[in-house]
Each structure stands twice: as structure tokens, then as C-alpha cells.
Amino acid sequence: MAYYSKEEINKAKELDLYSYLSQKNPDELVHISRGTYATREHDSLKISNGMWYWFSKGIGGKSALDYLIQVQDYSFTAAMAEVLGYSNEKVKYQYEIKKEENIELQLPERNTNNDKVISYLKSRGIDEDIINECINKDLIYESKDNHNVVFVGFDNKYNPKFACVRGTNSSRYMHDCYGSNKAFSFKLESINNSSDSVHLFESAIDLLSYATILKQNNIDYHDENLLSLAGVYQPSKNISDSKMPIALALFLYNKSNIKKIYLHLDNDQAGRLATVGLKNAAGNRYEIIDDPPKYGKDFNDYLCHIKGIKKINYERRNEYEK
């Protein structure tokens, strides 16, 4: 249960409904006459002289807090968080379990060594120590059949719940393994439990590229939370209705101390649109920092540019697929 001080509650009650809607959702206000407004959702709810009254229901109040609780069915703590612009409690994990998500994850058989995977990731500029650390933690391994790289995501009990495969040759082969749950996508969690930020990427390759850049700049990536979304995040067609991607929603639920979200998404139309959608989905609960790569489409492009690595031709197609 969240706790709000008397001072915070009094501050929240000072915000009237007209001021709240004009700042948060001005399209919801419908001008009736001088000093009088209705809401687009409820035409019998009138706002005037700092007060509001819902005539069809016979209820009313003064503050935006009253409105959120009585009209929008917010809990008190959720309404307080909305009005104050932050939350003292965990973000609700809005995720409905589907039957297919209970299917057992089918991981590719492991190869006897990881030589091809190590060589491939090094060719992409990834630091060898980071690669080996991920291998030792079972986050990465080489498949036996095609010698592809497998990225694994775990739940809180370190049970594998997600895996995606990426080809180590020119085939551009990539897919999520059968039974994968994107809520548990590939990530590197901070060893410092007090870390109040998370860095977001579209792919595991970009995540590892960013960790490599941090290491090159003598910054300990172990202190950072690095999370991949296992693909391009697609916001709602109506951007204002966008929801948190499932991997981020679960991560924030488990890490209630997070205050800042760094968006390291791609420098393309999809990446820029995803950034706007995520900003809307996060609302005022988090500080959002947009930090795309300073060169190229993604952070692996940027890393290769820094290291002077010429990427394989198939990586440079007109359509930059992940």
C-alpha cells in the first residue's frame, strides 16, 4: 500500500478538474458557455466556477482527485499518483496470461562449444569478456544444429522463459523459440540494487553493443539495468492509448525503485515512433530520456563505427531488419 503524507494529499486536492483536463487531456473539454464546460465522455458532467457536477449521476466535487475516484473509478492511491505526477507504489503489471504462454519453452540443443558464437559476436564489435560472462551465466550459447547464437531470458527463479535465435552466417535467420514469453526477454540486471534507471533496446545485439561502449568508456555496465524488448515495439495507432511493452511492464513491476527510463531505440521511422509511444505509455511516473545512437541506425552500427569495423554486406540492406 502506498503512503502519502498529509501535505501531499492537500497538494493533490488543490488541483481543480478544469486545470487538470486542460493540461492532461484538453480534447476532453467541451466549451458550453462562458466559464462552463462539459466533458466529451460525459456530456451531463459540467465544470464551472472551480466545481464539477455530474447531473445524470447526482455526484460532484471540486478537485481532479474527486473526479478520478468518483467518475473514472481510480483507487485513491492511483488517483494520487496521477495528480501528483508520480507513484509511491509499483506500476501495475497489466498483462493477461494467455494459454499459449503456458507452453513449455523449447530451447535449441546446445553445441559442445561456443566458438562460432564468440567469433560472430566479436565480429559485431561485442567485447569478448562480456560475451564470455553471458555464456557463463547461460544467457548466450551456441546451437548444435546450425551453430546459431541463442539469447535466453529468465524469470526471477532463473528458469528460462524466453529465447531467440540469430543466424551467425549471411542468411539473416532470426526467430523466437517455441514457447517464448516476451515478458522475460534478454536482459542484464544491475548488481547494484539501488540503481534507479533502466536502459531499453530493441534487440539483444544492441544491448550488448551498449554494454561494450560503456566498458570502453570505463563505465561499469554491471551497475546498469539493460533490457531488450525482443523486437520493435509497436505503439497503439492512437499514440495516447499506447501501453507499456510487456517486458518493460514486468521489469518495472519487479523494480519499484526505477525512476528513469533511457530509450536507446533505432534511428528509423519505427524506432522514432516507438519512442513517442513509450513516452506516452510511461506518463508522468518516470523520467524519460531519449538517447538514440549518435551514428547509424542502431547501437551496433554506432559501436562498429567507433571501432572501425566494416559490417558484413548483408547487414547493410536497404531494409534494416532486426
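- Judged purely by distance below 3.5 Å, without hydrogens or angles, the side chains of E142 and N111 pair a donor atom with an acceptor atom.
- Between D206 and R124 there is no salt bridge, since none of the side-chain N atoms of the basic residue sits less than 4.0 Å from a carboxylate O of the acidic one.
- Ion pairing between D129 and K215 holds under the 4.0 Å rule for side-chain N and carboxylate O.
- Side-chain contact annotation: S209 with N300, donor-acceptor N/O pair under 3.5 Å present.
- A donor-acceptor pair shorter than 3.5 Å cannot be found between the side chains of S195 and N192.
- Evaluation of the salt bridge (Lys or Arg N to Asp or Glu O under 4.0 Å) test over residues 147-162, restricted to residues two or more places apart or in two chains, returns none.
- Ring pair F184/F162: centre-to-centre distance not below 6.0 Å.
- Between E287 and K260, no side-chain nitrogen of the basic residue sits less than 4.0 Å from a carboxylate oxygen of the acidic one, so the salt-bridge criterion is not met.
- Y18 and Y20 have their aromatic ring centers separated by at least 6.0 angstrom.
- Contact detail for F154 and K187: the closest heavy-atom pair is O-NZ, 3.1 Å.
- The distance from the CG atom of L248 to the CE atom of M244 is 5.0 Å, given to the nearest 0.5 Å.
- Of the charged side-chain nitrogens involved, none lies within less than 4.0 Å of a carboxylate oxygen, so that K11 and E7 do not count as a salt-bridged pair.
- Tracing side-chain contacts under 4.5 Å through hydrophobic residues (I, L, V, M, F, W, Y), one never reaches I219 starting from I191; they form parts of separate clusters.
- For N49, the CG atom sits in a loose shell: 12 or fewer heavy atoms of surrounding residues, nucleotides or ligands are nearer than 6.0 Å.
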Taking only distance into account, with no hydrogens and no angle test, what donor-acceptor pairs under 3.5 Å do side-chain atoms of residues 64-73 form with protein atoms, sequence neighbours excluded?
| residue | atom | partner | partner atom | Å |
| --- | --- | --- | --- | --- |
| D66 | OD2 | S63 | OG | 3.2 |
| Y67 | OH | Q72 | NE2 | 2.9 |
| Q72 | NE2 | E41 | OE1 | 3.0 |

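- Under the 4.5 angstrom side-chain criterion for Ile, Leu, Val, Met, Phe, Trp and Tyr, the cluster partners of I289 are Y262.
- Between F201 and Y210, the ring center distance clears the sub-6.0 Å criterion.
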